[in-house]
Number of protein chains: 2
Amino acid sequence: MSSQPKHDIFQAIADPTRRQLLRLLADKELPVTVISKHFPMSRTAVSKHLRILSEAGLVGEQKVGREKRYRLQAEPLIELKQWLSFYERFWENKISMLKHFVENEETADRKLVTSDRNKRESEE
Amino acid sequence: MSSQPKHDIFQAIADPTRRQLLRLLADKELPVTVISKHFPMSRTAVSKHLRILSEAGLVGEQKVGREKRYRLQAEPLIELKQWLSFYERFWENKISMLKHFVENEETADRKLVTSDRNKRESEE
DNA sequence: GTTGCATTTAATCTTTTAATTATAAAATTC
DNA sequence: GAATTTTATAATTAAAAGATTAAATGCAAC
């Protein structure tokens, strides 16, 4: 039902306020009124940030009575991890990479550029 | 060395064009004229994106004759990895987390909400 | 020196984003 | 049903981002 990335993950986490929101909602389930007390902005502004996070699938909503509680949904961050995994070798094996790079610059390109982007399994 | 993050990493990688740039410069060292051929925008626009990446410390510059070659510098992405590592347990141990969550949901939640509500009432 | 190429900077424009206040809608409590 | 609380929506404003064209800087070759 939820967690369908209409919004870009990278863009969703680009904003520091939204990162704080994720942090706050990591282990708690809170309504907007409570959340907005932690931030120096209006409820509406917080609500909009939550909407963006929601559209990115990073937070889930649950209606409890007349309040709507938000909670972290970390799964979409896997995409970020996958993206990042490509670059890990560049700092982990930096010395060997550099050596390899100097040795055969041209051919090394192809091998590294080939990316196997795992298609994610169909979530509902 | 150099490359002190004037720009935010999260913001730097938020733009899809800049992510493509990183990808392109991962294993190659290229000048702007060559780079901009891969993108449907002007050299100036590409140059600006490169500047932002440079200020975030994600690309390095090297002058070769009259051209300036750009190359990936992946080290600042470690910050991203660290940020991400906090959230990994939320999808890796999802089942156990969920269990933990359900167990303490009522008490933890109520405590927060009520304390907040009391605080507000006493404020007025 | 001058010419030619690569790149950056400056000024400008358009679009997006973030925030506000005010109003409306939904649900609980009396 | 009326009042209160929680949240969402609308209209608006201000700031930031992305891109463009045109002018300027830097270097190498002549």
Side-chain angles (χ1 to χ4, degrees), chain A residues 2 6-22 24-25 28-56 58-71, chain B residues 6-22 24-25 28-56 58-71 109-110 112-124:
Chain A
S2 58
K6 281 176 57 186
H7 255 260
D8 196 270
I9 303 264
F10 292 90
Q11 218 163 344
I13 65 165
D15 188 275
T17 302
R18 288 198 283 272
R19 288 202 298 278
Q20 279 183 259
L21 279 169
L22 292 180
L24 182 65
L25 298 173
K28 302 189 196 76
E29 202 175 49
L30 301 173
V32 188
T33 15
V34 178
I35 297 171
S36 58
K37 293 210 171 59
H38 294 78
F39 295 88
M41 63 185 76
S42 69
R43 266 158 260 105
T44 316
V46 173
S47 200
K48 283 188 182 177
H49 282 300
L50 284 169
R51 182 187 196 81
I52 289 171
L53 289 173
S54 175
E55 286 176 348
L58 285 168
V59 300
E61 311 162 1
Q62 190 195 1
K63 292 201 73 174
V64 178
R66 64 183 155 188
E67 65 185 24
K68 199 167 167 182
R69 297 186 185 164
Y70 292 88
R71 191 187 69 191
Chain B
K6 280 179 58 186
H7 256 260
D8 197 86
I9 302 264
F10 293 90
Q11 218 163 346
I13 65 165
D15 188 276
T17 303
R18 288 198 282 272
R19 289 202 297 279
Q20 281 183 259
L21 279 169
L22 292 181
L24 182 66
L25 298 172
K28 301 192 196 74
E29 204 176 46
L30 301 173
V32 188
T33 15
V34 178
I35 297 171
S36 59
K37 291 207 173 63
H38 294 78
F39 296 88
M41 63 185 74
S42 68
R43 298 137 215 81
T44 314
V46 173
S47 200
K48 281 190 183 176
H49 282 300
L50 285 170
R51 182 189 195 82
I52 290 171
L53 289 174
S54 175
E55 286 176 348
L58 284 168
V59 299
E61 312 162 1
Q62 191 198 359
K63 295 200 71 175
V64 177
R66 62 183 157 186
E67 65 185 25
K68 201 167 168 181
R69 296 187 185 162
Y70 291 88
R71 191 187 68 192
D109 216 280
R110 197 133 302 195
L112 272 158
V113 173
T114 41
S115 69
D116 225 303
R117 179 172 295 156
N118 293 342
K119 193 166 81 177
R120 195 181 64 218
E121 280 174 357
S122 62
E123 272 176 6
E124 307 259 342

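Every chain is numbered from 1 and lettered A, B, ... according to where its sequence line falls, protein lines coming before strand lines.
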Main-chain N/O of [Y] paired to [X] side chain as donor or acceptor, under 3.5 Å:
X: R43(A); Y: S36(A); answer: no
X: R18(B); Y: Q11(B); answer: yes
X: R19(A); Y: A14(A); answer: yes

Nucleotide of [options] approaching [X] most closely (side-chain heavy atoms):
X: S42(A); options: dT20(C), dA18(C), dA27(C); value: dT20(C)
X: T33(A); options: dT7(D), dA19(D), dA19(C); value: dT7(D)
X: V32(A); options: dA8(D), dT21(D), dT21(C); value: dA8(D)
X: T44(A); options: dA6(C), dT7(D), dT20(C); value: dT20(C)
X: R66(A); options: dA6(C), dT8(C), dT29(C); value: dT29(C)

Exercise. Can you find a donor-acceptor N/O pair under 3.5 angstrom joining the side chain of K48(B) to the base of dT9(C)?
Worked result: no
Provide, to the nearest angstrom, the distance between the [atom1] atom belonging to [X] and the [atom2] atom belonging to [N].
X: E55(B); N: dT8(C); atom1: CD; atom2: P; answer: 12 Å
X: E67(A); N: dT29(C); atom1: CD; atom2: C1'; answer: 15 Å
X: D8(A); N: dT16(C); atom1: CG; atom2: P; answer: 15 Å
X: R43(A); N: dT23(C); atom1: CZ; atom2: P; answer: 15 Å
X: L30(A); N: dT7(D); atom1: CG; atom2: C1'; answer: 15 Å
X: I52(B); N: dA17(D); atom1: CD1; atom2: P; answer: 8 Å
X: M41(B); N: dA19(D); atom1: CE; atom2: P; answer: 4 Å
X: E61(B); N: dG26(D); atom1: CD; atom2: P; answer: 15 Å

Does the side chain of [X] get closer than 4.0 angstrom to OP1 or OP2 of [N] through an N or O atom?
X: K63(A); N: dT7(D); answer: no
X: K68(A); N: dA8(D); answer: yes
X: H49(B); N: dA19(D); answer: yes

What is the nucleic acid contact for [X], judged by heavy atoms within less than 4.0 Å: base, sugar-phosphate only, or nothing?
X: Y70(A); answer: sugar-phosphate
X: S47(B); answer: sugar-phosphate
X: R18(A); answer: sugar-phosphate
X: Q11(B); answer: sugar-phosphate

Exercise. Among V34(A), L53(A), V32(A), whose side chain to side chain contact (heavy atoms under 4.5 Å, CB included) with Y70(A) holds?
Worked result: V32(A)
For this session: Output, in order, the C-alpha distance, side-chain angles, deciding distance and verdict of side chain to side chain contact (heavy atoms under 4.5 Å, CB included) for H38(B) and L24(B).
Result: CA-CA 9 Å; H38(B) 294 78; L24(B) 182 66; 4.0 Å; yes
Problem set entry | Given DNA chain C, 5'-ward residue of the pair G65(A) and D15(A), judged by closest heavy atom | D15(A)
Problem set entry | Cationic N near anionic O, under 4.0 Å, E61(A) to K63(A) |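 So E61(A) does not pair with K63(A) through a salt bridge.
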